[in-house]
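Accompanying notes for the structure given below.
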Amino acid sequence: MSTPELGLPMVVPAPDLPARVRIYEVGARDGLQNEKATVPTEVKAEFVRRLADSGLTTIEATSFVHPKWVPQLADAEQLFPLVSDLGRSSGVHLPVLVPNERGLDRALALGARHVALFASATESFAKANLNRTVDESLAMFEPVVSRAKADKVHVRCYISMCFGDPWEGPVPIHQVVGVCKALMDMGCDELSLGDTIGVATPGHVQTLLAELNEEGVPTSALGVHFHDTYGQALTNTLAALQHGVTTVDASAGGLGGCPYAKSATGNLATEDLVWMLQGLGIDTGVDLARLTATSVWMAERLGRPSPSRTVKALSHKE
């Protein structure tokens, strides 16, 4: 008998936590972008559909980055039309990554209504990932945000290296706050604070969130994106929830990493996050059994087991 059938996890709420958390699912984009073997477009589309069927309502579908940089997602024009009906029929949000105005043009041409940019809190990562300084990248984003907002498109921005950088080490909190404020002043609707190499700890998380609030960035505009390099992703997520954050990025099956940060391991697994939130009595709208089955299905197509502990536990057969 599986643990959910036994009534586990036992629901024991903790004080001062949100009643509901929106999971921003990144498995279909961030999770797959590092795969060396090309995943067929039809498999990616089925993955997105299965994720939606599990109850996830925000699923990042693909990226309109130039195929030279992310070959795995070179099929964005073919993939998006295969899943875009989910937005119309099921109310699922399907954000797509856009690096610049050209990427925005491609996304808008296919009817995308939610886009995401990717910025950096550090000069080293901005150079490695965007081939620009931080200020130059912000200047590049400005017309993208302006055009998207004029078209009533929702704009999220990822900020990488918010807690540590593999070249620069610790990242000063005021430096992260400065980039976040610039993006909010530009008109971004939402920011995702990225622990790209997985070095954050709970006090660091809560201090950064408090500093952002003090500088006028509301918690309601913030999401968190933790990697589990040092086993801290769930701990840091709980610290963010205690501060009032209600948007958490996660990747089904724990897929993904960062191609420009070699020390980064996979994203926080969506199943591990849902298990914790269920135990806390926090609503996600996600059917854990269906989500686990989806990650097992995807792992079979990738030819290796899921790194998610919850997927392993729930899919284990005697």
(message) Checking side-chain polar atoms at under 3.5 Å, does Gln78 have a donor or acceptor matched by the opposite partner on Thr41?
(response) no
(request) Drop me the distance from Ile159's CD1 to Ser192's OG, to the nearest 0.5 angstrom. (result) 7.0 Å
(request) Give the intermediate values and the outcome of side chain to side chain donor-acceptor pair (under 3.5 Å) for residues Asn267 and Asp30. (result) CA-CA 8 Å; Asn267 292 297; Asp30 194 15; 3.2 Å; yes
(request) Would you mind listing every salt bridge (Lys or Arg N to Asp or Glu O under 4.0 Å) that reaches into residues 299-312, with sequence neighbours excluded? (result) Glu35-Arg304
(request) Check whether any side-chain heavy atom of Leu191 lies under 4.5 Å from a side-chain heavy atom of Leu183, and answer yes or no. (result) yes
(request) Give, for atom CG of Leu302 and atom CG of Leu255, the distance between the pair rounded to the nearest 0.5 Å. (result) 6.0 Å
(message) Count I, L, V, M, F, W, Y as connected when their side-chain heavy atoms are under 4.5 Å apart, and connections chain through other members. Are Val21 and Val11 then in the same cluster?
(response) no
(message) Ignoring hydrogens and geometry beyond distance, is a side-chain donor-acceptor pair present between Ser308 and Asp272 at under 3.5 Å?
(response) yes
(request) Check Leu94 against Gly87 and note the closest heavy-atom contact, atom names and distance. (result) CD1-N, 4.3 Å
(message) What's the separation between atom CE in Met184 and atom SG in Cys180, rounded to the nearest 0.5 Å?
(response) 9.0 Å
(request) Would you give the length of the straight line joining atom CE of Met298 to atom CG of Leu51, rounded to the nearest 0.5 angstrom? (result) 9.5 Å
(message) Give me the atom names and distance for the closest heavy-atom approach of Pro143 to Met140.
(response) CD-O, 3.4 Å
(request) Could you tell me whether the side chain of Glu271 and the main chain of Gly253 form a donor-acceptor pair under 3.5 Å? (result) yes
(message) Any heavy-atom pair between the side chains of Pro81 and Leu110 that's under 4.5 Å?
(response) yes
(request) Keeping the roles fixed (side chain from Asp228, backbone from Gln232), state whether a donor-acceptor pair exists under 3.5 Å. (result) yes
(request) Please check if any side-chain donor atom of Glu25 sits under 3.5 Å from a side-chain acceptor atom of Thr270, or the reverse. (result) yes
(message) For a side chain to side chain contact (heavy atoms under 4.5 Å, CB included) check, start with the C-alpha distance between Trp69 and Asn131, then their side-chain angles and the critical distance, and finish with the verdict.
(response) CA-CA 12 Å; Trp69 302 114; Asn131 199 30; over 6 Å; no
(message) Can you tell me how far apart CG (Asp53) and OG1 (Thr294) are? Round to the nearest 0.5 Å.
(response) 7.0 Å
(request) Take Glu77 and Phe64 through the test side chain to side chain contact (heavy atoms under 4.5 Å, CB included) and record every step on the way to the result. (result) CA-CA 8 Å; Glu77 265 91 0; Phe64 288 91; 4.1 Å; yes
(request) May I ask you to test the Thr62-Lys44 pair for a side-chain heavy-atom distance under 4.5 Å? (result) no
(request) For residues His227 and Leu268, determine if any side-chain heavy atom of one lies less than 4.5 Å from a side-chain heavy atom of the other. (result) no
(message) Quick check against the 3.5 Å criterion: does Gln242 have a side-chain atom that pairs as donor or acceptor with the backbone of Asp16?
(response) no
(request) Quick one: do Leu86 and Arg49 satisfy side chain to side chain contact (heavy atoms under 4.5 Å, CB included)? Show the steps, please. (result) CA-CA 8 Å; Leu86 289 170; Arg49 290 188 172 279; 3.7 Å; yes
(message) Determine whether a donor-acceptor pair (N or O, by modelled atom type, separation under 3.5 Å) exists between the side chain of His243 and the backbone of Val245.
(response) no
(request) Check for a donor-acceptor pair, side chain of Glu142 on one end and backbone N or O of Met186 on the other, with a separation under 3.5 Å. (result) no
(message) Ignoring hydrogens and geometry beyond distance, is a side-chain donor-acceptor pair present between Asp195 and His204 at under 3.5 Å?
(response) no
(message) Would a single hydrophobic cluster contain both Trp167 and Ile197, if residues Ile, Leu, Val, Met, Phe, Trp and Tyr are joined by side-chain heavy-atom contacts under 4.5 Å?
(response) yes
(request) Could you list all the salt bridge (Lys or Arg N to Asp or Glu O under 4.0 Å) pairs where at least one residue sits in residues 123-136, not counting sequence neighbours? (result) none
(message) By the definition side chain to side chain contact (heavy atoms under 4.5 Å, CB included), identify the one residue from Val177, Asn213, Val224, Leu222 that meets it with Leu208.
(response) Val177
(message) Let me check something: do Val296 and Val43 share a hydrophobic cluster, defined by ILVMFWY side-chain heavy atoms less than 4.5 Å apart, either directly or through other members?
(response) no
(request) Consider only side-chain heavy atoms of I, L, V, M, F, W and Y, link residues closer than 4.5 Å, and tell whether Leu212 and Val179 are in one cluster. (result) yes
(request) Could you grab the distance from atom CG of Asp165 to atom OG1 of Thr122, nearest 0.5 Å is fine? (result) 3.5 Å
(request) Flag the pair Leu209 / Leu193 as yes when at least one side-chain heavy-atom distance between them is below 4.5 Å, and no otherwise. (result) yes
(message) To check you understand the geometry: which heavy-atom pair defines the closest contact between Val134 and Ser120, and what is its length?
(response) CG2-O, 3.8 Å
(message) Do Leu241 and Val248 make a side-chain contact, defined as non-hydrogen atoms from C-beta onward lying under 4.5 Å apart?
(response) yes
(request) For Ser137 and Leu130, work out which heavy atoms get closest and say how close. (result) CB-CD1, 3.7 Å
(message) Same cluster or not: Leu17 versus Met276, using hydrophobic residues (I, L, V, M, F, W, Y) connected whenever any side-chain heavy atoms lie under 4.5 Å apart?
(response) yes
(request) Check Ala239 against Gln206 and note the closest heavy-atom contact, atom names and distance. (result) O-NE2, 2.9 Å
(request) Start with the C-alpha distance between Val115 and His154, add both sets of side-chain angles, then the distance that settles side chain to side chain contact (heavy atoms under 4.5 Å, CB included), and finish with yes or no. (result) CA-CA 6 Å; Val115 300; His154 184 277; over 6 Å; no
(request) Any chance you could lay out the side chain to side chain donor-acceptor pair (under 3.5 Å) test for Thr201 and Asn236, step after step, and finish with the verdict? (result) CA-CA 6 Å; Thr201 51; Asn236 290 329; 5.6 Å; no
(request) Could you name each residue pair satisfying salt bridge (Lys or Arg N to Asp or Glu O under 4.0 Å) that touches residues 146-163, not counting sequence neighbours? (result) Glu101-Arg147, Asp105-Arg147, Arg113-Asp151, Lys149-Asp189, Arg156-Glu190, Arg156-Asp249
(message) Parallel, tilted or perpendicular, judged at 30° and 60°: which one describes the rings of Phe163 and Phe226?
(response) tilted
(message) In the structure I gave you, are the side-chain heavy atoms of Phe118 and Val65 within less than 4.5 Å of one another anywhere?
(response) yes
(request) Locate the shortest heavy-atom distance separating Arg20 from Thr284; write the atom from each residue and the value. (result) NH2-O, 3.6 Å
(request) Would you confirm whether Ser54, through its side chain, and Val286, through its main-chain N or O, come within 3.5 Å as a donor-acceptor pair? (result) no
(request) Indicate yes or no: at least one non-hydrogen side-chain atom of Phe80 is less than 4.5 angstrom from one of Val96. (result) yes
